[in-house]
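In what follows, a single structure is set out as structure tokens and then discussed.
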Protein chains: 2
Amino acid sequence: MTDDTPKTPRKRQARGEKRIAELLDAAAEVFAEEGFKGASTNAIAARAGASPGTLYQFFRNKEAIAEALVARYVERLREAHGEAFDIEVSKLPLDEMLDRMLDPLIAFDRANPGFYVLLSDPHVSPELAGAKRPAQKLMLERIDRILEARAPGLTAEERGLTAEMAVHLFRGVLPMIMAAEEDELPRVSAETKRALRAYIAPIIGED
Amino acid sequence: MTDDTPKTPRKRQARGEKRIAELLDAAAEVFAEEGFKGASTNAIAARAGASPGTLYQFFRNKEAIAEALVARYVERLREAHGEAFDIEVSKLPLDEMLDRMLDPLIAFDRANPGFYVLLSDPHVSPELAGAKRPAQKLMLERIDRILEARAPGLTAEERGLTAEMAVHLFRGVLPMIMAAEEDELPRVSAETKRALRAYIAPIIGED
DNA sequence: ACTGAATACGAGTAAATGCTCGTATTTAAA
DNA sequence: TTTAAATACGAGCATTTACTCGTATTCAGT
């Protein structure tokens, strides 16, 4: 058994971590503007004020950048999800429940414009597609559990379809949510909730 | 005034038209698989069994291929739209109206898998983005008119928002519709109609 | 059969892209 | 102060890409 703290361990991480964050910020912008294929690593490095060599000191390749970016998004999203999909919300009246679920998601998506672009870009590598799947699966499971708590009569299949439909309905409206000016947002947001409420209410036996 | 039918007019179009169709078929596949930026013109030519030179005999550049492809889709879609958004549907009961509107759209999207991929790819050139806008605008206007016929009490603003929401809700569910096996389709299709019905019914004062 | 335009080819070009590498600088620890 | 790893640079390489061009073949009309 040797000492697992090496004699000369990794040194300065403060500088490196900062660079990584800068590079990911730049990558988020370029990916959002150009898509995964359209984004060039040189452009990402340049926007971060770094050289290509520096970029490749921290990321194996272009895909690793996207992976790290997705990981960062997923981590940030976990908090929003924590609020949105807390099982406690299933005890609230439907309107309040939708507020509690959708408001954090809307806020997150608007605060992270690159997230939805990258996550919904179908032209990423299979590995990257795999990286975002667990997050989506987790979301579906949490919605499933909330549906189960609210409507125990539903079959597992019905719950699955309903959860998937709800997610897709929301995703469909996301472009409107993203494009809305600050003063239009309440209107769009309310309409989104109305739509989801109308869809879900008869399923969970509430009107 | 000279004769506007030239002495030696364009000759063989049968061969050329066929090649163009083949190239567009190939382009539809490659664009769908790789996206606009990811698709290479050489790959498109190769898949059509043609050489790059032949491709550039018919298309000025890569973007012109996408433009022609969109034009072809839009033309084909016009028929489906003709059915879907016939003002006559506004006289039908809501359920039948939704059948009449959504069934042709669903059939079209499933018959033309490349359509929705290309149309929803945000990383195309501005010119191409402009090419698809008229079709979308027309669709919104037709829905607007149907809403007006059914619910004369609505303000123009309310109709606009409702039409846009409805389109986005449908588009959100499209991935499910595209991914569904033939035997799952009726279930997904019915659920889509349920969702849209639930959203629209209270607006047009029907339940 | 002859002509010329339409169609076809595919090697080739200039530019861009992902990524490397040799080298220089900064910094935490000895 | 010395040392060595971490960080940084940017010219450059190999590959890919959109697109060209010189040339060859197919056809419609005469």
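- Using a cut-off of 4.0 Å between Lys/Arg side-chain N and Asp/Glu carboxylate O, A:E191 and A:R194 are scored as salt-bridged.
- Rounded to a whole Å, the CD atom of B:E17 is 16 Å from the C1' atom of D:dC27.
- Ring geometry, A:F31 versus A:F36: the interplanar angle falls under 30°, so the pair is classed parallel (tilted spans 30 to 60°).
- Evaluation of the side chain to side chain contact (heavy atoms under 4.5 Å, CB included) rule for B:A68 yields B:L24, B:F59 as partners, not counting sequence neighbours.
- Summarising the geometry, the separation between CG on B:L55 and P on C:dG10 is reported as 14 Å, rounded to the nearest angstrom.
- A heavy-atom distance below 4.5 Å is not found between the side chains of A:E67 and A:N61.
- A close approach under 4.0 Å does occur between a side-chain nitrogen or oxygen of A:R19 and OP1 or OP2 of D:dA8.
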Contact letters for nucleotides 14-19 of chain D, in which S counts primed atoms plus P, OP1 and OP2 and B counts the base, heavy atoms under 4.0 Å: ----BB

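- Comparing A:G53 and A:Q57 against DNA chain D, the residue whose closest nucleotide sits nearer the 5' end is A:Q57.
- For D:dT7, the OP1/OP2 oxygens have no side-chain nitrogen or oxygen of A:T54 closer than 4.0 Å.
- In this structure, B:R19 and B:A48 approach most closely via the heavy-atom pair NH1-O, 3.6 Å.
- For B:S51, the side chain to side chain contact (heavy atoms under 4.5 Å, CB included) partners are B:T54, not counting sequence neighbours.
- Regarding A:I20, its CD1 atom lies at a distance of 7 Å from the P atom of D:dT7, rounded to whole Å.
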